[in-house]
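Contents: one structure, followed by commentary.
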Amino acid sequence: MLISANTYTFAGSTGISRMAQITSIESLVLKSVQEIVLKLYQTQVEETALQIQETRKEFEGDLTVVVFPLLKYSRKTAEATATDLGNALLSSCPIVEKFNVIKGFLNLVIGREFWAGFLQESAFDGTFGTTGISETSPTVMIEYSSPNTNKPLHLGHIRNNLLGYSLSQILSANGNRVIKVNLVNDRGIHICKSMLAWKLFGNGETPASSGKKGDHLVGDYYVRFDQEYKKEMETLSHQGMSAEDAARKAPLMLQAQEMLRLWEARDPEVLQLWTTMNGWVYQGFETTYRELGVSFDHIYYESQTYLSGKQIVAEGLEKGIFEKRPDGSVWCDLTGDGLDEKLLLRSDGTSVYMTQDIGTACQRFAQYPIDRHIYVVGNEQNYHFQVLTLILGKLGYAWARNIQHMSYGMVELPSGKMKSREGTVVDADDLIEEMVQTARDMAQELGKLDGYTPEQARRIYDIIGKGALKYFILKVDPRKNMMFDPRESIDFNGNTGPFVQYSYARIRSVLRKSAEAGISAETGNQVPGDTARLLNDKELSLTKMLYRYPRVVREAGNTLSPALLANYVYELAKEYNQFYHDFPILKEADQDIRALRLALSEYTASVIESAMSLMGIEVPERM
RNA sequence: GGUCCCGUAGCUCAGUUGGAUAGAGCAACAGCCUUCUAAGCUGUGGGUCGUGGGUUCGAUUCCCGCCGGGAUCACCA
């Protein structure tokens, strides 16, 4: 459809050349093998039946053809088959320089000319590895963040936001038109709880009067409600009431429910309070979003969309897709799909979470030409999204199949699970500040930024602290639960964001010095004509790693996994650091070799910057 | 109880559509700064891939059972 699986553009938008549009070496070899098998064994094999993979490090070669599946056609031993194939490839496939056979594995060495050509023809300018938008680019809506307005954001939200933003970047880089949306849950009983507590115990406190960040202030009253509510329940049970009754009949709970009724009846006083307190929260959220570097193209509020699902449910009821019970509640029977029955409207006619999501989905697909809709929501809601798509399908919406739940795992702490009410959450703002603080302490201890103005230094602490946090979270496979150990997250060595950033900063330093010395323009580094001859082993393996980048970007898009980029960029930085350690760059006497190393350095920096930006991580010029 | 997810080094994690002797980081120990940033580089030790079967040329990967952990099945969102 959009891009064929095996091709991509070497050069950016400009450099059209003989190699500008080339097929990857894998598909090239694949085709050759197909032809050879047809010729030698008179058999037409499917591409999927052929196995070509990257050669493992401990063997010589770049690509490996696994010949076991071909033995039934060749009717020879694995070694003989592999050797036949190898010889045939040598003559038919010019990029194959030599081969070796170990057991049933045919290891192919790709010639140096190919790698040199790759370096010469590619535009390492930030577009490398990415696919631009075209006429036929699909539109992808991606919902993430989706906070409640009764408490500040915590570590769990951070994972959601970082994933959501990174996925938008990755999908954009894969030639999609991405629309980032946020659905703010700004109404409901939990919102009323903090409103009520503020009204009863707040004494008119405002963010301005107390100096508190708005979302934190409101969150404090949410906690306060819970404390006071518990006290009431205790009193009631001392008076002989059952725990269940106490929970239901505590005055605070009744008052909160009354407040929700008034809100739905658009009581002016309640609406006023609601508008004011939500306003505080939004200001707080805005700050946190800005600090995290995430953004949205459109923000939906549940207060504006929660009614829209009711109409659709009513229509479904008429068509007999749903059923009404004697008490007036409306249900969807999913027992035929192996699930339970699902409530869609309460007996009092009010809507539930599912009703709202049905409504917003319909609204969005009507409003935008969406080809695909991704919800970045925790795996605790797997059931919800399974039901949502099923119901939309039953309602006859063909686009229901274009809905995808990007289900990510929970963040756990060494102390166990995070629970808002028990105060065991890691607050988002606190965490960000701590990481930036740590970056500062460490930089000062190492004397890294001597000579920088305080503003410049602060900017860099910011980049490093946030880089550490983002990388720590994004490097884990999003589908899996992850452990967040604060002590470990603050480590800036090894497989961490700062390690990658440091590698970048060091390259930039070399490039600055080379520009100062007039050796080359900072962006004008080009590999020399006889690169194929000059490349040493380390430079060659660095080149091969750069070559892999476009594939990694695609794979990250296909699997919706920023972790692939993190793993890749870490490997790349490690590879470069070894090269940097082992070979002089500016001090290299041979001008051609020096030019080659400068170019490789610049290309590496460019790919690091690109990969990191797809994760929403900035890189510093110095650190 | 039904459905679903997870189990890889002491800890945190990688491990491509099934492929060769299962890899990193942290932690521990030992080296490398008169040379482009040592937030770096190099080396050592560390594993019955939870467990028992099955599928096949080959299983950490696919299927089944069991053990252990988690999520969910609300007139909460």
Side-chain angles (χ1 to χ4, degrees), chain A residues 48 51 53-59 64 66 68-69 71-72 78 102-105 107 146 148 185 187-191 302 325 327-331 338-348 350-354 356-357 378-384 386-387 407 409-410 412 414 417 439 442-443 445-446 448 464 468 472 475-477 479-485 487-489 491-496 498-499 501-503 505-514 517 551 555 559 563-564 566-567 570-571 573-574 577-578 580-588 597-598 601 622-623:
Chain A
T48 50
Q51 291 193 42
Q53 57 199 251
E54 282 176 32
T55 304
R56 296 180 65 107
K57 263 191 177 165
E58 57 265 37
F59 303 100
T64 295
V66 184
F68 291 112
L71 300 186
K72 53 186 163 187
I102 299 172
K103 295 185 184 173
F105 300 92
N107 299 323
S146 312
N148 293 343
N185 177 227
R187 49 150 242 119
I189 189 74
H190 49 297
I191 309 295
E302 279 193 11
R325 289 187 182 171
D327 65 359
S329 58
V330 176
W331 297 75
L339 303 176
D340 297 326
E341 292 177 291
K342 187 70 193 175
L343 177 84
L344 294 177
L345 287 178
R346 296 190 185 97
S347 51
D348 64 2
T350 57
S351 65
V352 292
Y353 180 45
M354 186 59 73
Q356 297 168 195
D357 260 7
N379 61 14
E380 60 203 346
Q381 293 194 32
N382 285 353
Y383 184 77
H384 173 79
Q386 201 185 341
V387 171
S407 164
M410 302 287 96
E412 283 156 23
K417 216 159 231 141
M442 214 168 278
E445 197 182 311
L446 296 168
K448 286 288 186 179
I464 297 169
F472 187 86
K475 78 173 172 185
V476 181
D477 181 344
R479 276 155 274 273
K480 291 187 178 173
N481 289 353
M482 67 172 288
M483 174 65 64
F484 186 89
D485 187 340
R487 279 199 321 256
E488 232 180 288
S489 72
D491 197 338
F492 287 4
N493 303 312
N495 188 357
T496 65
F499 171 90
Q501 290 172 321
Y502 176 74
S503 309
R506 255 193 341 194
I507 297 174
R508 298 301 303 169
S509 174
V510 172
L511 294 175
R512 271 197 307 276
K513 289 201 167 134
S514 91
R551 167 187 283 255
E555 193 63 16
T559 58
L564 298 183
N567 289 330
Y570 170 64
E571 296 287 333
K574 214 163 49 159
N577 285 345
Q578 288 165 3
Y580 177 93
H581 180 266
D582 291 346
F583 301 99
I585 300 168
L586 288 176
K587 308 208 167 183
E588 169 59 45
R597 291 183 181 163
L598 274 169
S601 299
R622 184 182 161 180
M623 70 183 270

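Here is the naming used below: chain letters follow the sequence lines, and residue numbers restart at 1 for every chain.
- Of the two residues contacting RNA chain B, namely A/Glu302 and A/Ala573, the nearest-nucleotide position lying further toward the 5' end is that of A/Ala573.
- Closest contact between the side chain of A/Lys480 and the listed nucleotides B/G7, B/A39, B/C76 involves B/G7.
- Listed by chain and number, the residues in a side-chain hydrogen bond (donor to acceptor under 3.5 Å, both in side chains) with A/Glu380 amount to none (sequence neighbours excluded).
- You'll find that the side chain of A/Asn567 is closest to B/A14, out of B/A14, B/C36, B/A77.
- An OP1 or OP2 oxygen of B/G18 is reached within less than 4.0 angstrom by no side-chain nitrogen or oxygen of A/Gln51.
- With sequence neighbours excluded, no residue forms a ring pair (Phe, Tyr, Trp, His ring centres under 6.0 Å) with A/His190.
- A/Arg622 places its CZ atom 17 Å from the C1' atom of B/G40, with the value rounded to the nearest Å.
- The closest side-chain heavy-atom distance from A/Leu598 to A/Glu588 is not below 4.5 Å.
- For B/C64, the base adopts the anti conformation, since its glycosidic angle falls more than 90 degrees from zero.
- Close to B/U37, at under 4.0 Å from its OP1 or OP2, lies a side-chain N or O of A/Ser509.
- The side chain of A/Arg346 contributes an N or O atom lying less than 4.0 Å from OP1 or OP2 of B/C76.
- The CG atom of A/Asp582 sits 8 Å away from the P atom of B/U42 (whole-angstrom rounding).
- Of the two residues contacting RNA chain B, namely A/Pro584 and A/Lys103, the nearest-nucleotide position lying further toward the 5' end is that of A/Lys103.
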Between protein and nucleic acid, restricted to nucleotides 23-33 of chain B and to nitrogen or oxygen atoms under 3.5 Å apart, what atom pairs and distances do you find?
from	atom 1	to	atom 2	distance (Å)
B/A24	O2'	A/Tyr570	OH	3.2
B/G25	O2'	A/Asn495	N	3.4

Query - Under the 3.5 Å Watson-Crick or G-U criterion, the dot-bracket string of RNA chain B, with | for inter-strand pairs - result: (((((((..((((.....[...)))).(((((.......))))).....(((((..]....))))))))))))....

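- One can place OH of A/Tyr502 at 5 Å from P of B/A39, the figure rounded to the nearest angstrom.
- Applying the ring pair (Phe, Tyr, Trp, His ring centres under 6.0 Å) criterion to A/Tyr570, with sequence neighbours excluded, gives A/Phe499.
- Straight-line distance from the CG atom of A/Asp477 to the P atom of B/U61: 17 Å, rounded to whole Å.
- Side-chain N/O atoms of A/Asn185 include none lying less than 4.0 angstrom from OP1 or OP2 on B/A77.
- Atom CZ in A/Phe499 sits roughly 18 Å away from atom P in B/A14 (whole-Å rounding).
- Both stacking criteria are satisfied for A/Phe68 over the base of B/G19: a centre-to-centre distance under 5.5 angstrom and an angle between ring planes under 30 degrees.
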I'd like a list of close polar pairs between nucleotides 68-73 of chain B and the protein, N/O only, cut-off under 3.5 Å.
from	atom 1	to	atom 2	distance (Å)
B/G70	O3'	A/Lys417	NZ	3.0
B/A71	OP1	A/Lys417	NZ	3.0
B/C73	O2'	A/Asp340	OD2	2.1

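- The side chain of A/Tyr580 lies closest to B/A38, out of B/A38, B/A39, B/A14.
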